[in-house]
There are 2 protein chains.
Amino acid sequence: MRPTVHDIAATAGVSLATVDRVLNGRPGVRQTTVDKVEAAVSLLGYVRDVTAANLARKRVYPLVFIVPGGPNSFLRNLTAEITAAAQRSSIERTVIRIETVPPFDPAALVRVLESIDPQTVSGVGLVATDTDDVTAAVNRLVEQGVPVVTLVSDLPGSQRVHYCGIDNIAAGRTAASLIGRFCTGRPGKVLVVAGSMKLSDHSERASGFAAVLEAEFPELGVIGPVETNDDADTVRQRVGMALETGPEIVAIYNLGAGNRGLIDALAQHGHRNFAVVAHEVTPHSRQALADGVFDAIINQDCGHEVRSAIRVLKARADGLDPLTAQERIRIDVFLRDNLP
Amino acid sequence: MRPTVHDIAATAGVSLATVDRVLNGRPGVRQTTVDKVEAAVSLLGYVRDVTAANLARKRVYPLVFIVPGGPNSFLRNLTAEITAAAQRSSIERTVIRIETVPPFDPAALVRVLESIDPQTVSGVGLVATDTDDVTAAVNRLVEQGVPVVTLVSDLPGSQRVHYCGIDNIAAGRTAASLIGRFCTGRPGKVLVVAGSMKLSDHSERASGFAAVLEAEFPELGVIGPVETNDDADTVRQRVGMALETGPEIVAIYNLGAGNRGLIDALAQHGHRNFAVVAHEVTPHSRQALADGVFDAIINQDCGHEVRSAIRVLKARADGLDPLTAQERIRIDVFLRDNLP
DNA sequence: CAATAATTGAGGTACGTAAATCATAAAATG
DNA sequence: CATTTTATGATTTACGTACCTCAATTATTG
């Protein structure tokens with residue numbers, strides 16, 4: 001049987017009340033007594049029964065998630081996963097509030113971050129735009145004792161306690177490997193389409209992609225990245241233009257959203273056997289992969305990301321270190337045949 | 001606040017004891033009273049607080065896992081994951097016993113299955129050999145009320161309550177897609193290496209692979225599958241022989257274990273730019289991928305499989321339906337650049 | 001109708017922890 | 001040394017559920 005607080009009290013030769021004071025960092029215990037209790041804890045290998053503790057203290061974790069609005073399928077899916085997590089609230093003792101902000105609007109993000117009350121909120125998750133004002137607002141929250149995690153897109157210079165998302169440099173490198181091999185020696189250009197270089201996930205993908213292409217597939221050059229603000233119509237126009245004016249294009253890497261626009265552009269153009277790699281499984285991209293319009297999709301499981309974010313925030317709210325090694329989000333590579 | 005048994009008792013107009021009798025299926029309650037209580041439950045949306053319930057009943061789940069022994073890296077890793085889960089036992093209220101059996105020995109597997117006491121064991125997980133005697137032994141256990149799950153390799157004709165592993169037909173198809181694309185039009189033969197066609201995972205991969213290759217890449221033919229019993233030395237010999245006598249080989253798909261032997265054979269042969277796809281990330285296969293000897297690795301995360309198996313067995317032991325949709329194990333595709 | 005059986009209520013204890021109160025003991029202060 | 005402060009002990013209640021006992025009520029049977 002695993003040891004309980006009673007066992008600790010007995011072996012340390014102190015009362016239950018003192019054990020409780022030590023374990024929960026309450027004042028009024030001499031250092032020598034603290035040491036005695038901690039010795040007993042490590043001797044017996046005591047671990048607090050978190051479920052019993054939560055039961056006793058009626059703990060809840062009020063969390064806030066900030067997600068950009070707009071039609072982006074991936075972000076809507078992310079929001080749906082947060083909502084699903086909110087519905088498990090009663091089981092997980094979380095109280096989740098979702099704040100929607102206009103996309104590509106750092107100022108709005110900052111306003112929401114500043115409206116958060118450190119007294120009543122025990123953790124914040126956000127999809128960040130990598131700008132100085134957002135970084136500052138995040139740092140301010142963290143300094144007030146509110147753990148903040150970034151989702152999908154990181155804020156590398158900030159004090160955020162964790163990033164819940166894929167390694168985007170590796171994702172870009174993977175895309176380059178795939179495109180390079182799918183083209184096998186055929187020289188030409190790769191059109192790179194991005195949403196915004198202000199999003200660190202996009203800029204990281206672009207740099208990883210360019211690095212591998214240059215090093216391993218010198219016969220392929222890069223056109224772009226073309227910025228589209230993740231708008232499908234813009235993607236359609238820019239890709240259409242590029243395909244007409246650049247006959248040497250043999251592959252396309254869309255590292256941002258707006259896959260619908262890419263699919264439309266390719267349909268208009270009459271397929272010229274491009275190698276096409278895109279990001280995120282959505283209804284449209286899934287269909288394109290099944291139809292052979294896309295060759296591969298690089299995906300991040302946003303359900304995993306949300307659940308990981310919640311675990312990390314809860315752990316930090318309790319002053320624990322989350323097992324960071326177990327919270328790594330994998331880069332999924334989907335071909336037509338392993339699409340779930 | 002979420003409703004408690006007290007709330008149920010109050011709205012149903014019965015005592016706490018009666019609510020308890022209904023919720024836990026204890027006898028001695030009139031049907032009309034049962035209905036009243038159940039009406040209150042669904043009216044208030046009551047969900048039992050599992051943590052409090054487990055605390056009160058001091059529930060433990062004694063589980064048995066049966067894994068083949070031998071040097072197979074993947075299976076050793078699987079065993080390590082089960083051991084890791086066993087170390088979380090006190091938290092998860094499981095008591096896990098690991099039984100090691102000789103590999104490729106159905107009779108030994110049957111003996112262990114028959115030694116299991118349905119009274120004291122609340123669930124069993126095993127890596128199955130797909131033979132009739134094993135199927136029969138599994139069915140006997142299930143009929144005695146012990147839920148059984150298969151890990152890694154399924155037992156399709158049996159009564160096992162769940163299969164914790166990847167879709168191996170899809171895995172084979174994915175391998176074919178990758179090899180087909182990596183060869184882009186270059187005609188030739190693909191050498192297929194397997195452990196044993198008695199393992200349903202291996203035979204399913206082989207059939208998925210052959211199907212896609214025939215349908216989509218008619219310029220590529222199949223040699224094999226060569227059976228090796230997952231022994232690295234045998235793999236080395238058989239691959240070496242094949243490469244010498246079959247100069248038209250352009251790609252290799254090892255759908256079984258023994259990657260070490262494959263790597264050795266390729267090294268001896270002096271690389272002739274084969275497209276090589278193998279299964280499972282192990283220290284050797286990881287190195288081979290990094291070195292460019294392998295082009296892709298198809299992987300299943302055995303940590304996920306073990307955790308999923310435990311969740312399913314616990315749920316079934318409590319008479320609950322596990323959320324099968326959430327227990328699907330993904331097919332990971334790793335290239336050099338997205339290897340974790 | 002009485003005897004018996006089936007059903008329900010009332011109340012308690014337990015699980016492991018949190019958190020509070022109040023009394024007592026020890027240490028520090030003047 | 002008396003007084004104040006600080007530490008500690010002893011005890012209790014609570015969280016939501018399980019499970020037990022015993023008494024009381026209601027149905028069912030002969």
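Every chain is numbered from 1 and lettered A, B, ... according to where its sequence line falls, protein lines coming before strand lines. Reckoned from all heavy atoms, side chains included, excluding hydrogens, waters and symmetry mates.
- In this structure a side-chain-to-backbone donor-acceptor pair under 3.5 Å is missing from A:Y61 to A:V121.
- Looking at every heavy atom in both residues, A:V138 comes nearest to A:L155 through CG2-CD2, 3.7 Å.
- Contacts between chain A and DNA chain D, taken as any atom within less than 4.0 angstrom of a protein heavy atom, begin and end at D:dA7 to D:dG16.
- For the segment residues 46-56 of chain A, the set of residues with a heavy atom within less than 4.0 Å of an atom of DNA chain D comprises A:L55, A:A56, in numerical order.
- The separation between B:H6 atom NE2 and C:dG11 atom P is 12 Å, rounded to whole Å.
- Taking 4.0 angstrom as the limit, B:R30 places none of its side-chain polar atoms (N or O) nearer than this to OP1 or OP2 of C:dA6.
- Looking only at distances, no side-chain donor or acceptor of A:Q300 sits under 3.5 Å from a matching main-chain atom of A:E280.
- Using a 4.0 Å cut-off between charged nitrogen and carboxylate oxygen, B:D167 and B:R328 do not count as a salt-bridge pair.
- Distance A:K58 NZ to C:dA18 C1': 11 Å, rounded to the nearest Å.
- Rounding to the nearest 0.5 Å places CG of B:N54 at 5.5 Å from CZ of B:R93.
- When the P atom of C:dA18 is taken as reference, atom CZ of A:R93 falls 13 Å away, rounded to whole Å.
- In this structure, a donor-acceptor pair under 3.5 Å is absent between the side chains of A:E143 and A:N139.
- Toward the 5' end of DNA chain D, the nearer of the two residues A:V29 and B:R26, judged by each one's closest nucleotide, is A:V29.
- Looking at B:T4, its side chain does come within 3.5 Å of a backbone N or O of B:H6 through a donor-acceptor pair.
- With A:S308 contributing its side chain and A:E305 its backbone, the two residues share no donor-acceptor pair below 3.5 Å.
- When atom types are taken as modelled, the side chain of B:K314 and the backbone of B:E92 share a donor-acceptor pair closer than 3.5 angstrom.
- Less than 4.0 Å separates DNA chain D from at least one heavy atom of each of the following residues of residues 12-20 of chain A: A:G13, A:V14, A:S15, A:A17, A:T18.
- As rounded to whole Å, 13 Å separates atom C1' of C:dG16 from atom CG of A:N24.
- In this structure, B:N24 contributes its side chain and B:R26 its backbone to no donor-acceptor pair below 3.5 Å.
- Residue-to-nucleotide contacts include a donor-acceptor pair under 3.5 Å from the side chain of B:R21 to the base of C:dG9.
- Considering all non-hydrogen atoms of both residues, A:P68 and A:T100 come closest at C-CG2, 4.1 Å.
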